[in-house]
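Note sheet for the following structure.
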Amino acid sequence: MPRQRKRVSGCAPEPEMEAPSGKRTKATKTETLDKPVVEEKTADSPKKDQASKHCGNEPSAYWLMKSEPESRLEKGIDVKFGIEDLKAQPKQTACWDGVRNYQARNFLRAMKLGEEAFFYHSNCKEPGIAGLMKIVKEAYPDHTQFEKDSPHYDPSSKKDNPKWSMVDVQFIRMTKRFIPLAELKVHHQAHKANGGPLQNMALFTRQRLSVQPLTQGEFDFVLSLEDKKPS
DNA sequence: GCCAACGTTGGC
DNA sequence: GCCAACGTTGGC
């Protein structure tokens, strides 16, 4: 799958412009939205259901979405899209395009208006959580799947039954301080031993998933780190 | 740049 | 349906 990245604002209405980056994956179930459930699953095919197996079961209200803040070319197009890029969009809103992983797509499709997500910087010098954003438009077809020049073009996807979805997100704020992956990892390791809130965090248990749910406990714990000294 | 993790593809 | 080969993600 692709990396995720998102694109920029108002994607929905106008098809032209380029879409910048994209994120990496995401996905939901099969076509039309079937149910609101969150599923995860892995694979691909469109199966669905069973969702609630491990990761999150019920609809999560909190998410973590990865994007690359540093320039990198894919099919000659720069996929860079960091939180500063989101902030710079009109209305500080962008569409999160480019997710090409079924599990991630399913999470995108499960997102509801107003839900909050951490903006995570991946594949860069300092990976970690940079800020908060919210879902301002629920899942709709990712137009980049039909664009031949897009790094995320998918020739197998048909217009009358789009495979990939995206949501629109709006910048809320930067975290009071950048929360590095390394710091989260230290807590995750400790929590595995003592049963703390980050013991099953998807960032570590589902390594390559670019759109992932967080439990309330995970979300609250991560946010509490903002006010603490970097460990 | 290396490479481990892990998802996808395709032969059989 | 198994599984080896391959491709991608993404930390380091």
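In what follows, chains are A, B, ... by sequence order, proteins preceding strands, each numbered from 1. The analysis underlying the following values was restricted to heavy atoms, covering all of them including side chains, and did not include hydrogens, waters or symmetry mates.
The interatomic distance linking A:R100 (CZ) with C:dG10 (P) rounds to 14 Å, in whole Å. For the pair A:L209 CG and B:dT8 C1', the computed distance is 15 Å after rounding to whole Å. Rounded to whole angstrom, the span from the CZ atom of A:R72 across to the P atom of B:dG1 amounts to 14 Å. Counting to the nearest Å, the C1' atom of C:dG11 and the CD atom of A:Q189 are 14 Å from each other. Distance, A:E70 CD to C:dC12 P: 14 Å, rounded to whole Å. Following rounding to the nearest Å, A:K66 (NZ) and B:dA5 (C1') show an atom-to-atom distance of 11 Å. Look at CG on A:L203: it is 10 Å from P on C:dG10, rounded to the nearest Å. Residue A:W164 contributes atom CH2, which lies 13 Å from atom P of B:dG7 at whole-angstrom precision.
Pairing each heavy atom of A:M174 with each of A:K87, the nearest pair is CG-NZ, 4.3 Å.
Within the structure, the ring pair (Phe, Tyr, Trp, His ring centres under 6.0 Å) test picks out the following pairs touching residues 197-217 of chain A (sequence neighbours left out): A:H188-A:F204.
Each of C:dG10, B:dA5, C:dC12 was ranked by its minimum atom distance to the side chain of A:Q207; first place goes to B:dA5.
OP1 or OP2 of B:dG7 has at least one side-chain nitrogen or oxygen of A:R206 nearer than 4.0 Å. For the pair A:K185 and C:dC12, the criterion of a side-chain N or O lying under 4.0 Å from OP1 or OP2 is met.
Here A:R72 pairs with A:E74 in a salt bridge; the nearest charged N to carboxylate O distance falls below 4.0 Å.
Across all strands, A:Y120 comes closer than 4.0 Å only to sugar-phosphate atoms, never to a base (heavy-atom distances).
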Please lay out, stage by stage, how A:F118 and A:W63 fare under the test side chain to side chain contact (heavy atoms under 4.5 Å, CB included). CA-CA 6 Å; A:F118 285 124; A:W63 309 94; over 6 Å; no
